[in-house]
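Chain A is the first sequence line, chain B the second, and so forth, proteins listed ahead of strands; every chain is numbered from 1.
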Amino acid sequence: MKQIVKTITKKDFSSFVNSLINDRTYDVVGVVAKGKRYVFDTLSSAEELQLDYDVTILPPKKYYLPQTETLLKFSLEKPFEGKEIMNDTPRIIIGVHPYDIIALEQTDRHYLDQQQDNFYKKRRESTIIIGVDIKNVSERSFVASMKTNVTDSGFDLLLTDIGTNYAVTIGSEKGNKLLEKYAIVEDASSSDLKKIITVRNAVAKKYRQKVNIDKKNWSSLLVANYNHAIWEEHSDVCMECGSCTMVCPTCFCYDVKDNVSLNLKEGNRVRTWDGCLLKDFTKVGSGEVFREEVKERYRHRFFRKGNYLPERYGFVACVGCGRCGSACLPDIADPCNLINELGHFNSEEDTGKYFIKEETEVLEKGIIHVPRSATIKKIIPFNEIDTLFEIELDDKKPLGHKPGQFVEVSIFGYGEAPFGISTPPGDSPVFEIMVRQVGNVTKKLCLLQPGDKVGIRGPLGNGFDVKTFEGKTMLFTSGGTGMVPMRSLINHILDPKQRDKFKEVIILYGAKRPKEITFMDDVDRWKKVSNVQCELTVDRCEPSECWGGCTGLITALFPKIKADKIDSKNTIAVVIGPPVMYKYVIKCLQTLGVPDNNIYVSLERRMKCGVGKCGHCQMNGVYVCKEGPVFNYGKLKQLPEAFE
Amino acid sequence: MKQKPRVAVFDFADCEGCELQIANLEEEILDLISFVDIVSFREVMKEHSDSYDIAIVEGSIMRPMDEERLRGIRSHAKILIALGACATMGGVNKIRNQWMPEEVKKDVYGDANLKGNELFDVFQTKAINEVVPVDYYIFGCPIDRDEFKSVITAIALGKKPDIPRYPVCVECKKNENICQFELGAFCLGPITRAGCKAICPTHNSPCEGCRGLIKKQDTECVKEVLERYKLSYEDIRRRCTMYNYGRKECSYDE
């Protein structure tokens, strides 16, 4: 599309900016000096603007994804009242360089794709971007070799310094209107247009940093070197300070916290910047950390930029601004250096794929951050750590879940935690979850009483597609709390209305100790159903404990499967349990002859937002909360982080 | 109505600056006393009671008499909170652990006869948790008021306080500071626990590590950075002496 270009004298541009400031309709921000560096900040006059800057310390993402953003306000005294808070003062950002504009367009893809983030959307809509072509090159920038030094989209207006005037490229109707209302402009002449090209070309030659590998080849280069020693060599000197992620325009992961005021009466649910380099990023309630080694987190950051997001969205999530390179004290964060170094290795090994494409369901609009009010109906303790909760949605609508999906249960002041749903799908507004006391939310839940309110977001994630299991023999293997979602699936399949659609059902269930066996009533019932074989085991058993069953690991149950019942090619195996269990159980299934594509698993990670935004549950290129937690093993096995 | 938990604030060897931070909550103290009763707080009130549930202890332990008093406090309190650098890790008071107590006394008091005077019967400085078990830590010299509020509300709600385990750099970057290293200074921010909102570098003063080191001084990354910025191991050792003398790495993980 041919864009309209105007020109404005520098003096008139200053007046334009000053009238925007004086109008007070907008929060007018722009690039200003801070010592020898530059930052985006609110302008009090056009004189402060430094449009010939090289790079700002932080990218303008701080205006789209504020460092701390209030999502909800809640009261601890009201039973359940959470209100979405949105501050939408229109804003004009002046002086955004093309690479930062491109980074914003990438962030748009993530936050406005499929499951829209309404906070982000609103803010994006109420913001006007006045970009500026780069005039001075920062020491670490390699944008020219990333082809992100110029852009023809993503801005409302774009300035180019062509001497005494700025050329103003109009990128949107919003931009056009702004000019009409506040500025004195003239049409650009053909020589002005030529000057734009000349200026851009001249600046493009100034870059000392250059990435030698075309960005479309980053993905395959990284894949070839997934297991290279470089990750360990570099990360040996990583400070784990997270600076690289803080300053990055394409790092957009966040954490969610509940802050309570000192009077203990009200509070805010806020989201704050988080970074995958920090160790606690993946930590789940039980204390488990995924990607525990620095080397893994260090590699994750580069793979996210060069492989995971390119596979997902089609763009390399590095724009070459060089901010991470200059922020990293041991200087190991710069993708330019890393990619160039990898380029020397000539490795062509195909180490596999780190991203799998899964169809995901789009949730209702607005469900992203605001939980629905629900009431605890019944609390049934199984043992000292596990408790079954019966919960009813206050709108009396059924949850509408599939077996294997999960909900985020919210207690204002304490936060949110993910729980598998243990009841089969149905028309009832009541559903059940099992709570194991491990973190703040679970401990608080166990102090609540029937009648107390909680918040529910969900159902979330991909569940089991039970229809595809019809006509097959079903082999269920679950360990520990893996029985929670498994029970939903088993009861769904054993429902008299459904039972005929499936062949034999074999249920293997293991727990650490006899007292940790949950859903015993269900187990007893299953045992009585014809064509169902149900076997139980416990890891160990004290003499004082009453246990007549098998003792040993879950794998010890496999020899008990009646061989004549297994037509392995026509068997669907579902495995849900603690991370350590999968490897061994899958080996047993493979020995039985069950094809990998017939094996389904459900994984546990730090599911925080539940909608594939915050990044915490990411496992290689996959968001477990969105593309999982249920996965087909045949597809999933290629991801090294799935069963690490 | 349920009885409010009773809170007492105590101090040992310190400057009382962290207590002052509590006093500086000003009208917010009214919020605080809406759910706790403050029964002892020498810096701000004259009343005192030995009946309390929560003890907030500032300062480090220097003498047998301090140990005895601290044990007494612990025996009264269901919950003990260490407040500030002196209490949580010994802080500046540990600088003198470089020398033997006798040497220090001689240096400070010369030939004065201190024999038998228990006030001067000092041993090597200890943090609170070297004497009694500590339930919660509020780091910093002085503490950050917002963090104090968040720890207190967390305890009141029965939550685990949310104390960062990442370094000051995270907060410093968020504040858009020019890196102290870039300015030619030597900053402990990269290896010091965050939570202070990077207040020192934000006011153009390098981090001194008052919230405790979260990485060993001799890890590879520290060596690498020292080398890059032409600093010696002696530089970092000296710098860490201010708050972290004798501490190999942060032992208070939670």
Side-chain angles (χ1 to χ4, degrees), chain A residues 34-41 56-58 62 67-68 76 234-248 255 257-265 267 272-275 277-281 283 294 323 326-332 411 413-415 439-441 443-444 447, chain B residues 25 27-36 145-146 148-150 152-154 156-183 187 189-192 194 197 204 214-215 219-229 253-254:
Chain A
K34 179 168 186 173
K36 287 182 178 166
R37 304 281 302 268
Y38 301 93
V39 296
F40 282 98
D41 206 349
T56 54
I57 298 178
L58 286 183
K62 62 181 183 179
Q67 295 179 358
T68 302
L76 291 176
H234 283 198
S235 64
D236 266 353
V237 296
C238 176
M239 313 275 322
E240 300 171 73
C241 71
S243 293
C244 53
T245 59
M246 292 298 132
V247 301
C248 177
D255 197 8
K257 287 176 185 172
D258 280 10
N259 292 335
V260 175
S261 67
L262 193 54
N263 59 19
L264 301 184
K265 284 182 180 151
T272 56
W273 287 5
D274 206 348
L277 246 296
L278 307 175
K279 192 171 179 175
D280 287 349
F281 186 74
K283 194 175 173 184
V294 196
R323 288 185 179 99
S326 51
C328 179
L329 288 174
D331 202 357
I332 51 165
I411 306 178
Y414 294 82
N440 284 333
V441 176
K443 283 184 182 142
K444 178 64 185 174
L447 295 174
Chain B
L25 288 171
E27 65 265 41
E28 281 188 281
I29 287 184
L30 297 176
D31 286 334
L32 183 63
I33 61 172
S34 70
F35 66 94
V36 297
R145 285 198 294 278
D146 287 334
F148 174 80
K149 289 190 278 182
S150 99
I152 293 297
T153 50
L157 293 173
K159 288 200 287 187
K160 203 171 113 182
D162 183 21
I163 305 280
R165 299 205 302 168
Y166 48 76
V168 173
C169 293
V170 172
E171 294 172 340
C172 195
K173 288 290 168 304
K174 286 184 180 178
N175 289 353
E176 285 194 82
N177 296 322
I178 301 174
C179 182
Q180 286 292 315
F181 284 88
E182 197 177 316
L183 295 169
C187 175
I191 55 170
T192 299
K197 309 182 194 100
N204 203 11
I214 52 171
K215 257 197 196 308
T219 38
E220 285 305 312
C221 59
V222 178
K223 287 185 195 160
E224 172 78 19
V225 171
L226 290 175
E227 202 174 301
R228 259 168 205 277
Y229 289 88
D253 209 22
E254 296 316 323

- Who wins among E28(B), E220(B), K159(B) for the most heavy-atom pairs under 4.5 Å with chain A?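 The option with the most such pairs is K159(B).
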Chain B contact via [X] - which portion, at a heavy-atom distance below 4.5 Å:
X: N440(A); answer: side chain
X: L278(A); answer: side chain
X: F281(A); answer: neither
X: K279(A); answer: neither
X: M239(A); answer: both

- Query: Do you know the tightest heavy-atom contact between P167(B) and C241(A)?
  - Reply: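 For P167(B) versus C241(A), the nearest heavy atoms are CG-CA, 3.4 Å.
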Chain A heavy atoms under 4.5 Å from [X]: which part of the residue, side chain, backbone, both or neither?
X: N175(B); answer: backbone
X: E182(B); answer: side chain
X: T153(B); answer: both
X: E224(B); answer: side chain
X: V225(B); answer: side chain

Is any side-chain heavy atom of [X] closer than 4.5 Å to a side-chain heavy atom of [Y]?
X: N177(B); Y: K34(A); answer: yes
X: K215(B); Y: E240(A); answer: yes
X: L157(B); Y: Y414(A); answer: yes

Atom [atom1] in [X], atom [atom2] in [Y]: separation rounded to 0.5 Å?
X: I57(A); Y: K174(B); atom1: CD1; atom2: NZ; result: 16.0 Å
X: S326(A); Y: I178(B); atom1: OG; atom2: CD1; result: 11.5 Å
X: T245(A); Y: K173(B); atom1: OG1; atom2: NZ; result: 10.5 Å
X: R145(B); Y: L262(A); atom1: CZ; atom2: CG; result: 12.0 Å
X: C187(B); Y: L329(A); atom1: SG; atom2: CG; result: 8.5 Å
X: L32(B); Y: L264(A); atom1: CG; atom2: CG; result: 9.0 Å

Quick check for you: among [options], which has the greatest number of heavy-atom pairs under 4.5 Å with chain B?
options: D258(A), L58(A), V441(A); answer: L58(A)
options: S235(A), G35(A), C238(A); answer: C238(A)
options: D331(A), V247(A), I332(A); answer: D331(A)
options: K265(A), K443(A), K62(A); answer: K62(A)

- Task: For E176(B) and V39(A), indicate whether the former's side chain and the latter's backbone hold a donor-acceptor pair under 3.5 Å.
- Result: no
